[in-house]
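First the proteins, then the strands, lettered A, B, ... as listed; each starts at 1. Hydrogens, waters and symmetry mates play no part in the numbers below; they use all other heavy atoms, side chains included.
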Amino acid sequence: MARAYDVQTVEKKWQARWQDEGTYEVDNDDPRPAFYALCMYPYPSGPAHQGHVRNYTFGDLVVRYQTMRGKAVLSPLGFDSFGLPAENAAIRTGTHPRVFTDARIAELKESLVRLGAVYDWRREVRSHDPSYIHWTQLIFLRLLKAGLAYRALAPVNWCPGCQTVLANEQVLADGTCERSGDVVVTRDLEQWFFKITSYADELLSGLDTLEWPERVKVMQRNWIGRSEGAEIDLAVAGRPDVTLRVFTTRPDTIFGMTYAVMAPEHPLVDELTTAECRAAVEELRARVASETEIERTASTEGGPALEKRGAFTGSHVVNPFSGEKVPVYVADYVLMGYGTGAIMAVPAEDQRDWAFARLHGLPIVRTVEPPEGWEAQGGAAYSGDGVKVNSGFLDGLEVAEAKEVAIAHLEREGRGRRKVNYRLRDWLVSRQRFWGCPIPIVHCPVHGAVPVPEDQLPVLAPDDVEFLPTGQSPLAHHEGFKRTVCPIGGEPAERETDTMDTFVDSSWYFLRFCDPFDDEAPFGAAAVVHWMPVDQYIGGIEHAILHLMYARFFTRALIDVGLAPPELPREPFSRLFTQGMIRMDGSKMSKSKGNLIAPARYYESVGADALRLFHLFVGPPADDFDWTEQTDEVIEGCGRFLDRLWRLAEVAGEAGRSGALREADVELRRATHRTIQKVTSDIERWSYNTAVAHCMEQVNLLRDYAREDPHADVLGEALDALLHLLAPMAPHVTAELWEHRHGDRLHARSWPGFDPALVAEETVTMVVQVDGKVRDRLDVPATISDDEARARALASARVVEAVGAAPPARVIVRAPRLVNVVTTTA
RNA sequence: GCCCGGAUGGCGUAAUCGGCAAACGCGAUGGUCUCAAAAACCAUUGUCCGCAAGGGCGUGCGGGUUCGAGUCCCGCUCCGGGCACCA
């Protein structure tokens, strides 16, 4: 499309200026009030896509707006530059991951600069920089020293496609890998873990203090999965030496326990299985072991496999309240990873136990009276509230009371105790990959896993490695890297060849940004206390659980191990905004789906300002957006709007009546100040789409005004205000127009205020309704009294006609906006 | 199954505290300019009845509260997302 100005030249000119003049560089001793604006650490996948554009447009708006509000805005950017794609590319093409990654970073950076997004690039960090690796490794060692990192043999999720271990969170609900889609299998390996579960309660309660989208908080709460209940030690009949420990959230139902179940992996299975039952139990265990996560959980998906599959062990446990002996089963519906890996089964009050009991002919005893008609509807487990029955000393109590009494009873008898369980598991950080931060550990035959001394950090991966699809890190095949000596005794030893999950890197980068030049420590105490917490964090909803949880954990852990000062706020991100994603043909726009629309073509045609404006205007920032064939037309519409602005500014340069203000001049000034008010409040409440709409409305108004003998001062004031309001949204064209008019820098100026006297309306349109239907509109003074409003409404000819002869039953007056004349008495 | 969102013109959407439904934009239609086209500009654009003035209807469906409901309450339908043997 033909444009009113040379978009390319103007945009590139200002991008160079902001960089050369260091407009958005900020020092730690800046006296202005600190404001930390941050977009989530991007993985460098090449040139930006529309999802990035949207994200960084919002972020840039915040940075420029808060700067104009007089803040010292910390606006850093770096790159989450470790990760699988670079390594996969290396296997495919032979290019070293560093070379590949640096090229992708250059592309992403270039396209963000071209968008006009501004950062203090002096602070840029990259996860794969040796300096960053150094501090990530130091943090690992300090967590280890404090007991927050440990090594354990654990069943892990192994993805055959990625040839690596995955965190639980990287396995989708259907048992496939979130990245490759392969079916994940279980393997036992020695792995490093971070003890995030120590912080479960604090991570849960801390959510209440945060200005985050409610749904993100809900997701985190569900993920932590706190549940209160009791742990019970069940006596095994005829085996005084063994107890079976179970967890329940329903200690009130103990009288209804008619059997117990152990997970197939439970360590006591061998112990409790009798000779006669061994064959069936072994068969079950073998089948479960060979099953994938999907197959094992498929039994809940409905269909023929709905039954709960299990086998009797031949042993019995004693119901601690009734004293009855009940059978112990092994069944695949009990998971080793939660609670104690064993349960007391109460079929009457738990649907899973119900299904299993029915299948195996086990007794079902209700301990809560179900509501009227429950049995008539076919009967099933009833897990709701009610009155206890068949429960000895609990009979007659409500469920909540009965829980308390039951726990007290267990504790008195020493058979159990109150217990809180979490769904949250410790964070598995080991990855059998090359392109990640090496774990700084040496394995010595004498001293075991020995930390690399801190003065020998960083441990860097060698460059001369071969990238082969072997399923192990290339580091494991590199003798030069692997062979070393024990730091303690000097014995020949091997380096750990696993690397860390890349979520480790992104769990502390926001702290490094505060003090990226520090070569004595990850960051200085004063710097992080000055900038933290992040005042506005912006990113995608896809990080609602993992990244945000890990970063919250790390911030706390770093304080507790002494790497961060105790004054550092324990919550790193006080305000979070999660933008909607961009969809195309129903699925998320992403590189892996191959449905990217590169911004470059828009930079070259309509320009970055128009593209930014489009992303702001198209809908609420938090909502998803569908990219369709019509989208280009909307983007061009945004370009047209900027053209109109440009032409308006040209006219305003020449225009010129002076002297006393007329009615129309005053009206325009009122509109100008109202626009300032509306746009300001829209920006504050993340309503960018309406902020743009109000600017468009003002341009339309201004265009009409400029045609009809405008007053130079009034037109100038209006245009200048508009340029300020649009400065954070369309920074290039506004900076250029401002320079033409005044010669200095728009973005260095203060955000405009409005005159409350001008914002207040003088006359308003009063709506007169008869029985709720609009019958007339009257122009009245804004200060009109209720009596006067009523009188004027009733005097309206159209109202008189609608009301008819009978006197109105009632008149509702809401001066000065509305009068409703009610004629019916009903 | 449980927990969150959402549903408004042909389309994206607006209505911030229960008070004029549809601001702003896209598209469409007609016009001005032009040899012509593009661009730009002007006008119309929820729907039905009407020459018009004007009026009826209208925010997924069914009820309710209220002088008044897109907005609040109850019961549904459909769409999207999260969790899903967590004891």
Side-chain angles (χ1 to χ4, degrees), chain A residues 1-4 173 213-219 221-223 225-227 229 246-250 253 261 296-302 308 331-335 337-346 349-353 355-356 383 421-425 541 544-545 581 583 586 613-614 617-620 622-626 628 630-638 640-641 643-644 647 678 681-682 685 687 689-700 703 707 765-774 777 798 808-814 817-824:
Chain A
M1 64 195 276
R3 295 297 299 263
E214 199 51 41
R215 65 173 175 149
V216 174
K217 293 202 225 178
V218 168
M219 280 193 244
R221 284 190 195 107
N222 292 343
W223 194 259
R226 184 182 202 272
S227 54
V246 297
F247 172 74
T248 180
T249 55
R250 293 293 303 274
T253 64
V261 187
R296 181 159 172 189
T297 55
S299 55
T300 48
E301 301 288 309
K308 301 303 181 189
D332 64 357
Y333 78 99
V334 172
L335 308 176
Y338 183 78
T340 61
I343 62 159
M344 61 171 217
V346 185
E349 276 94 34
D350 183 289
Q351 190 53 44
R352 297 157 296 181
D353 296 343
F356 189 86
S383 57
N421 246 322
Y422 299 92
R423 213 186 76 111
L424 183 72
R425 316 281 173 85
I541 188 76
I545 298 174
M581 65 182 187
R583 282 190 310 243
L613 216 51
F614 157 77
F617 178 63
V618 75
D623 288 5
D624 288 351
F625 170 74
D626 279 303
T628 67
Q630 294 169 25
T631 299
D632 276 5
E633 286 161 349
V634 182
I635 296 173
E636 279 173 20
C638 290
R640 276 199 291 274
F641 164 71
D643 284 344
R644 281 197 286 272
R647 288 193 210 98
K678 285 190 278 195
S681 79
D682 283 350
R685 66 191 180 100
S687 184
N689 51 331
T690 54
V692 175
H694 288 132
C695 289
M696 288 174 165
E697 213 171 349
Q698 176 71 355
V699 165
N700 294 344
R703 191 173 48 172
R707 267 199 282 267
T765 303
M766 185 172 80
V767 172
V768 186
Q769 298 177 331
V770 175
D771 295 328
K773 290 191 160 100
V774 180
R777 294 184 171 86
R798 301 183 53 190
R810 208 173 148 190
V811 180
I812 312 282
V813 182
R814 292 285 180 276
R817 293 276 167 203
L818 177 133
V819 173
N820 189 10
V821 182
V822 184
T823 63
T824 50

If we take the C1' atom in both B:C79 and B:G27, what is their distance in whole Å?
25 Å

Tell me which nucleotide among B:C24, B:A87, B:C83 gets nearest to the side chain of A:Phe247.
B:A87

Below 4.0 angstrom from OP1 or OP2 of B:A87, is there any side-chain N or O of A:Asn421?
no

Below 4.0 Å: OP1/OP2 of B:C20 and any side-chain N or O of A:Arg814:
no

Looking only at atom C1', what distance separates B:A21 and B:G70, rounded to whole Å?
8 Å

Side chain to side chain contact (heavy atoms under 4.5 Å, CB included) evaluation trace for A:Met581 with A:Ile541:
CA-CA 8 Å; A:Met581 65 182 187; A:Ile541 188 76; 5.6 Å; no

Got a sec, which residues hit side chain to side chain contact (heavy atoms under 4.5 Å, CB included) with A:Gln630, two or more places apart in sequence or on another chain?
A:Thr628, A:Glu633

Using Watson-Crick or G-U wobble pairs with both distances under 3.5 Å, give me RNA chain B in dot-bracket, 5' to 3', with [ ] for crossers and | for pairs to another strand.
(((((((..(((......[....)))((((((.......))))))((((....))))..(((((..]....))))))))))))....

Once you measure the plane-to-plane angle for A:Phe356 and A:Tyr333, does it fall in the parallel (<30°), tilted (30-60°) or perpendicular (>60°) bin?
tilted

C1' gap between B:C4 and B:G56, integer Å
40 Å

Is there a side-chain contact between A:Thr248 and A:Val346 in this structure, where contact means two heavy atoms from C-beta onward sitting under 4.5 Å apart?
no

A:Arg226 near the nucleic acid: base, sugar-phosphate alone, or nothing, with a heavy-atom cut-off under 4.0 Å?
nothing

Between the base of B:G19 and the side chain of A:Arg817, is there any donor-acceptor pair under 3.5 Å?
no

Side-chain donor or acceptor of A:Arg810 under 3.5 Å from a matching atom on the base of B:C67?
no

Closest listed nucleotide, where the reference is the side chain of A:Arg640 and the choices are B:C24, B:A40, B:G19:
B:A40

Rounded to the nearest 0.5 Å, what separates atom CG in A:Asp350 from atom CE in A:Met344?
9.5 Å

Check this one for me: any side-chain N or O of A:Arg423 less than 4.0 Å away from OP1 or OP2 of B:C83?
no

Gap between atom CZ of A:Phe641 and atom CG of A:Asn700 - 0.5 Å precision
8.5 Å

Answer with base, sugar-phosphate or nothing: what part of the nucleic acid does A:Ser227 contact at a heavy-atom distance below 4.0 Å?
sugar-phosphate

Are any non-hydrogen side-chain atoms of A:Val813 and A:Met766 less than 4.5 angstrom apart?
no

Counting primed atoms, P, OP1 and OP2 as sugar-phosphate and everything else as base, the B/S/- map of nucleotides 4-12 of chain B against protein heavy atoms under 4.0 Å is S------SB

Any base atoms under 4.0 Å from A:Asn700, or only sugar-phosphate, or nothing? Heavy atoms, all strands.
sugar-phosphate

Which part of the nucleic acid does A:Lys773 contact within heavy-atom distance under 4.0 Å: base, sugar-phosphate only, or nothing?
sugar-phosphate

Could you check which of B:G19, B:A15, B:C41 has an atom nearest any side-chain atom of A:Arg707?
B:C41

Distance-only polar pair, side chains of A:Thr823 and A:Asp771, donor-acceptor under 3.5 Å:
yes

Closest approach to the side chain of A:Leu335, judged atom by atom: which nucleotide of B:C41, B:G55, B:A87 is it?
B:A87

